[in-house]
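Presented below is the structure to which this report refers.
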Amino acid sequence: MLEKRYSPKDVEAGKYETWKSKGYFTAGDKSKQPFSMVIPPPNVTGKLHLGHAWNTTIQDIIARYKKMKGYDVLWLPGMDHAGIATQAKVMQKLVSMGVDVTKITREEFLKYAWEWKAEYAENIHQQWAKMGLMLDFSRERFTLDEGLNLAVRRVFVDLYQKGLIYQGERIISWDPVQQTALSNIEVIHQDDEGYMYYFKYHLVDSDEYIEVATTRPETMFGDVCVCVNPKDPQYTHIHGKKVINPANGEIIPIICDEYVEIGFGTGAMKCTPAHDPNDFIIGKKYGLEMPIIFNKDATMNEKCGKYQGMDRFVCREALLKDIDSRGDFIKKEKIVHAVGHSERNNCVVEPMLSKQWFVKMKPLAQAAIDAQKNENYVNFVPKRFEHTFLQWMENIEDWCISRQLWWGHRVPAWTNKVTGEVLVAMEAPKDIENWEQDSDVLDTWFSSGLWPFSTLGWPNETEDYKRYFPTSVLVTAYDIIFFWVSRMIFQSLNITEKKPFENVVIHGLVRDEKGRKMSKSLGNGIDPIEVIDQYGVDALRYFLTTNSTPGQDMRYIDEKVSSSANYLNKIWNSARYVLSVIPEDYKEVELDPKKLTSVDRWILNRLMMTIKNVTNNMEKYDFNAASSHLYNFVYDDFCSQYLEMSKVKLNSDNEFEINQTRTILLKCLKDIILLIYPYTPFIAEELYQNLPTHLESIMLETYPVVEKKFVSKLSDNEVNLLFDFIKEVRNYKIVNGLSPNANLDLTIGLKIEVSDDFYLYLNRFTFTEVKTAKEPLSGSGEIFSYPFGSLLISSGANKEEMISKLQKQIEVEESEISRGEKMLSNPGFLAKAPKEKVESEKEKLALHKANLASLKEKLSKI
RNA sequence: GGACACUUAGUUCAGCGGGAGAACGCUUCCUUCACACGGAAGAGGUCACAGGUUCGAUCCCUGUAGUGUCCACCA
């Protein structure tokens, strides 16, 4: 016997361990069609948040659903080493432990980092277990494990040999805190307040000067020229002359180039090739020197004279003061401009000329774009995110993949100590003592981009790779399309000549209840574990996956989780009722549509429609729509109606009907449990285990299917009329201040044939004996007209109320009739609307007219 | 400067070419033997605004306004 109240803690206890130990999570049943997903590997830097909970629950629902649908489901787990983030955190920890990190060696650091990884991986495992995820742990991978390293080296060498990886000196974004290069998308541009500073650049041997503006005066130490547009009339007379750099007194040329826009700013632009991407282009074009003026920590270097060693921002102020004292500082204007910040530590990044490894993106991107456009390569759900992907691919620049870190895949390149020759290869050269391996590691996303195939064993032609690749679905949030999804797509196309996944299901971000992004600085983050402690993991899972439409953000609202828990309690209690009416010796009866009552036919039809609608939406990954169909069935059809009606039948003395009702109750309950199961596996398993007959676990069950013999349309009229009558009587009692079980004088007139049950139920639900009469009804009282019958309540109401109620109903009918007549008198409607529509409007109009007539007759008799 | 979303009941969100839906909140009533984490019955919306297409628009198109997100090197 089930407890009176659904208790998540009791229900959840032990189930996950059982599923896991029974091997239900392990893929490999060759008799079935394969279905595969790889988890977006979480970083080993911290706890999982609500976003992870959402993302993984969606996948778990898909996995469990597909398993029930008869697939051999592989859901592969794993984690990401997250280069910069993890290295930063490990360093922080070492500092707090009192370790002198300036003296630590690469090997020592890596030892600590692997310890850190082990610790955090354990946390993540626990949280996955708590969420109930059916991950195949026998195939778990880590982005830094040996197999993935092999894949990374193989891809690096492949791209290098194809000429798609090169080492070059270019302007990259430099993170002075981590002291590493970053790729473009690791830089967050945010609008910061700053100043535009204007300086006098004096012409050599002249009293004249030109005004030059900059937002970063400290870079003036790297100026190599001043540029003007050759057609700018303002500056024609200074072509070929030289100016004095007010920062260091150096004499630099004026260069004419179309790049400078006439009329923008002062029309004269200082050029710092080593510290600005545009200036770099000009520097290259004219073969200019490219002095670097910063140290790796963004302090000023030896090229900056007395400012050497100063922080860049301190230098800026000091330099301003000095130039001002010489009279060459004109003014500063407050401006708001986009400033690049490191995604990981928010420091201001410095554009800097640096020798790095790059992936040549244009050919890779073009191939991916062509495949996507011509072959509808990867199916984006929702579709619009395909544009996001394509747009990014079309505007892509070369990808800086080297990082000056230790935690990551080391670049498989060696430099000959004698000749300086660079060797890129899978393995170290044999005469290793003559070579030095590149000290850099690769961008984390380089290895993540190989995730769907590297985890399955590639580059080896393993069984798993052959069976499960390409994967079926990838589920991720839209904020990671650039970072990850797009890279998997072009990497996979280039290296395996296959798509990484058939479908990519994109979801949104979880926000706080005010719609703000959850962040550490706001302190508005919600810990999934706390939610689970309060409401249970099933309620959290249900809330997360049913409260937003595909691709849309969602707000975390506590009341909604609570409401999800209430829903589960409702299912729990309906199960409790059903099970309580099933005796030990109960024998299931064969459900023959011919022997079913109208109410039975109705509920089974509703069940079939629900299975159909839920399944359709599951296939579309629309979990909100799928769940709401089930929700409506559970509350409105099953609990509010059928379950109450079953009490009438179960109290009858018809043995056959009693058993038939029990069978239907059980059938509905079982299907509800199976349909809700992918969302809320714990409570579903618990209830399932309490069914009179069941398998070892719900995980071995199959998904409900529509049985055509239970699909009907005719049974609805009688039942719907019954519901209408019941509602009117109940409302009547409330409006008239009568108690719910007050006896009334009821007369009904029917336009359709009904079964004896009709009267039985009406009696039971209204606590009243029912009289019948022919339409239109005669006698005094309140009348309620419906398309298939009318109801007359003769007791309790006064005349005035009766009249006003009748008049209200007449008004409603009249407005309906005028609507119908307007439509049907419109020649355009008759000519162009679908025939069925016209017919149904005609029928409705006739019904309303009949209703109006009977109401008017009623009124005249009062 | 581009791109994409969003604007529907008090609130959070669904829906979508042929009569506006849910949850929570609110009002009234009910502890009747599945559930008071409940039941019954209600109130509450010119579906942002303006044009257009259509027999018919909350829904499609165009524009406007507001909100949000992403992308973008403009000195």
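Residue numbers start from 1 in every chain, and the chains themselves are labelled A, B, ... in the order their sequence lines are given, proteins ahead of strands. Fair warning: this is a prediction, and the values are worked out from it, not measured in the lab.
For B:G15 and B:G63, the C1' atoms lie 25 Å apart once the distance is rounded to whole Å. For the P atoms, the distance from B:A22 to B:G39 is 14 Å, rounded to whole Å. Comparing the same atom, C1', in B:U62 and in B:C24 gives a spacing of 38 Å after rounding to whole Å. Rounded to whole Å, the P atom of B:C73 lies 46 Å from the corresponding atom of B:U46. Straight-line distance between the C1' atoms of B:A50 and B:A57: roughly 14 Å, to the nearest whole Å. Taking atom P on both B:A65 and B:G42, the two are 44 Å apart, rounded to the nearest angstrom. Taking atom C1' on both B:G56 and B:C6, the two are 27 Å apart, rounded to the nearest angstrom. Comparing the P positions of B:A40 and B:C33 gives an interatomic distance of 15 Å, to the nearest angstrom.
Relative to the side chain of A:Asn278, the nucleotides B:A34, B:C74, B:U69 differ in distance, and B:C74 lies closest. Counting only heavy atoms from C-beta on, A:Asn624 has its side chain closest to B:A14 among B:G18, B:A14, B:G38. Of the candidate nucleotides B:C73, B:G39, B:A14, B:G39 has the atom lying nearest to any side-chain atom of A:Tyr635. In this structure, the nucleotide among B:A36, B:A75, B:G18 sitting nearest to the side chain of A:Pro834 is B:G18.
The aromatic rings of A:Tyr478 and A:Phe385 sit parallel, their planes meeting at an angle under 30°, below the 60° perpendicular limit. Classified by interplanar angle (parallel below 30°, tilted 30° to 60°, perpendicular above 60°), the ring pair A:Tyr567/A:Tyr635 is parallel.
One can place CG of A:Asn826 at 21 Å from P of B:G17, the figure rounded to the nearest angstrom. The interatomic distance linking A:Arg764 (CZ) with B:C33 (P) rounds to 11 Å, in whole Å. Rounded to an integer number of Å, the gap from NE2 of A:His275 to P of B:C73 is 19 Å. Taking atom NE2 of residue A:His189 and atom P of nucleotide B:C70, one finds them 13 Å apart after rounding to whole Å. In this structure, A:Asn651 atom CG and B:A34 atom P are separated by 10 Å, rounded to whole Å. When rounded to the nearest whole Å, the span between CG of A:Asn690 and C1' of B:A34 equals 14 Å.
Not counting sequence neighbours, the partners of A:Glu333 by the salt bridge (Lys or Arg N to Asp or Glu O under 4.0 Å) test are A:Lys331. Under the side chain to side chain contact (heavy atoms under 4.5 Å, CB included) criterion, A:Pro246 pairs with A:Phe199, A:Tyr201, A:Met220, A:Ile323, A:Asp328, not counting sequence neighbours. Taking the side chain to side chain contact (heavy atoms under 4.5 Å, CB included) definition, one finds that A:Ala274 meets it with A:Met290, A:Ile292, A:Leu353, sequence neighbours left out. For A:Ser640, the side chain to side chain contact (heavy atoms under 4.5 Å, CB included) criterion is met by no residue, not counting sequence neighbours. Under the side chain to side chain contact (heavy atoms under 4.5 Å, CB included) criterion, A:Gln190 pairs with A:Asp192, A:His341, A:Asn346, not counting sequence neighbours.
Within the model, atoms CZ of A:Arg662 and CG of A:Leu665 stand 9.5 Å from one another, a figure rounded to the nearest 0.5 Å. Note that CZ of A:Arg384 and CD1 of A:Ile506 are 9.5 Å apart. Values are rounded to the nearest 0.5 Å.
At a threshold of 4.5 Å between non-hydrogen side-chain atoms, the residues A:Leu182 and A:Ile172 do not count as touching. Between A:Leu762 and A:Val729, every side-chain heavy-atom pair lies at or beyond the 4.5 Å cut-off.
When the nearest nucleotides of RNA chain B are assigned to A:Ile188 and A:Val260 by heavy-atom distance, the more 5′-ward of the two goes with A:Ile188. Summary of the strand contacts: A:Phe483 and A:Arg216 both lie near RNA chain B, and taking for each the nucleotide with the nearest heavy atom, the more 5' one is attributed to A:Phe483.
Remark: A:Lys514 is not in phosphate contact with B:U11, judged by side-chain N or O atoms under 4.0 Å from OP1 or OP2. Regarding contacts with the backbone of B:A14, every side-chain N or O of A:Ser628 stays at 4.0 angstrom or more from both OP1 and OP2.
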I'd like a list of close polar pairs between nucleotides 21-26 of chain B and the protein, N/O only, cut-off under 3.5 Å.
unit_1	atom_1	unit_2	atom_2	d
B:A23	O2'	A:Ser563	OG	3.3

Listed pairs, N/O of protein and of nucleotides 41-44 of chain B, under 3.5 Å:
unit_1	atom_1	unit_2	atom_2	d
B:A41	O2'	A:Asn731	OD1	2.7

Are there any protein N/O atoms within less than 3.5 Å of an N/O atom in nucleotides 4-6 of chain B, and if so, which ones and at what distance?
unit_1	atom_1	unit_2	atom_2	d
B:A5	O2'	A:Gln552	NE2	2.9

Enumerate, atom names and distances included, each donor-acceptor pair closer than 3.5 Å involving a side-chain atom of residues 257-266 of chain A, sequence neighbours excluded.
unit_1	atom_1	unit_2	atom_2	d
A:Asp257	OD1	A:Tyr259	N	2.8
A:Asp257	OD2	A:Lys285	NZ	2.8
A:Asp257	OD2	A:Tyr286	OH	2.4
A:Tyr259	OH	A:Asn278	OD1	3.4
A:Thr266	OG1	A:Glu211	O	2.8
A:Thr266	OG1	A:Ala268	N	3.3
A:Thr266	OG1	A:Ala268	O	3.2

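Listed by residue number, the members of residues 642-650 of chain A with any heavy atom below 4.0 angstrom from RNA chain B are A:Leu643, A:Glu644, A:Lys647.
A donor atom on one side chain and an acceptor atom on the other are found under 3.5 Å apart for A:Thr272 and A:Asp223. Side chains of A:Thr219 and A:Lys270: a donor-acceptor N/O pair is present below 3.5 angstrom, by distance only.
A distance-only check finds a donor-acceptor pair linking the side chain of A:Asn690 to the backbone of A:Glu686 [under 3.5 Å]. Of the possible donor and acceptor atoms, none in the side chain of A:Trp392 sits under 3.5 Å from a partner among the backbone N and O of A:Phe483.
Listed by first then second residue, pairs satisfying salt bridge (Lys or Arg N to Asp or Glu O under 4.0 Å) with a partner in residues 538-559 of chain A read A:Asp60-A:Arg541, A:Arg511-A:Asp553, not counting sequence neighbours.
Stem regions annotated for RNA chain B: B:1-7 with B:65-71, B:10-13 with B:21-24, B:26-30 with B:38-42, B:48-52 with B:60-64, counting only runs of 3 or more consecutive pairs of Watson-Crick or G-U type with both contacts under 3.5 Å.
Aromatic ring centres of A:Phe765 and A:Phe725 lie farther apart than the 6.0 Å criterion allows.
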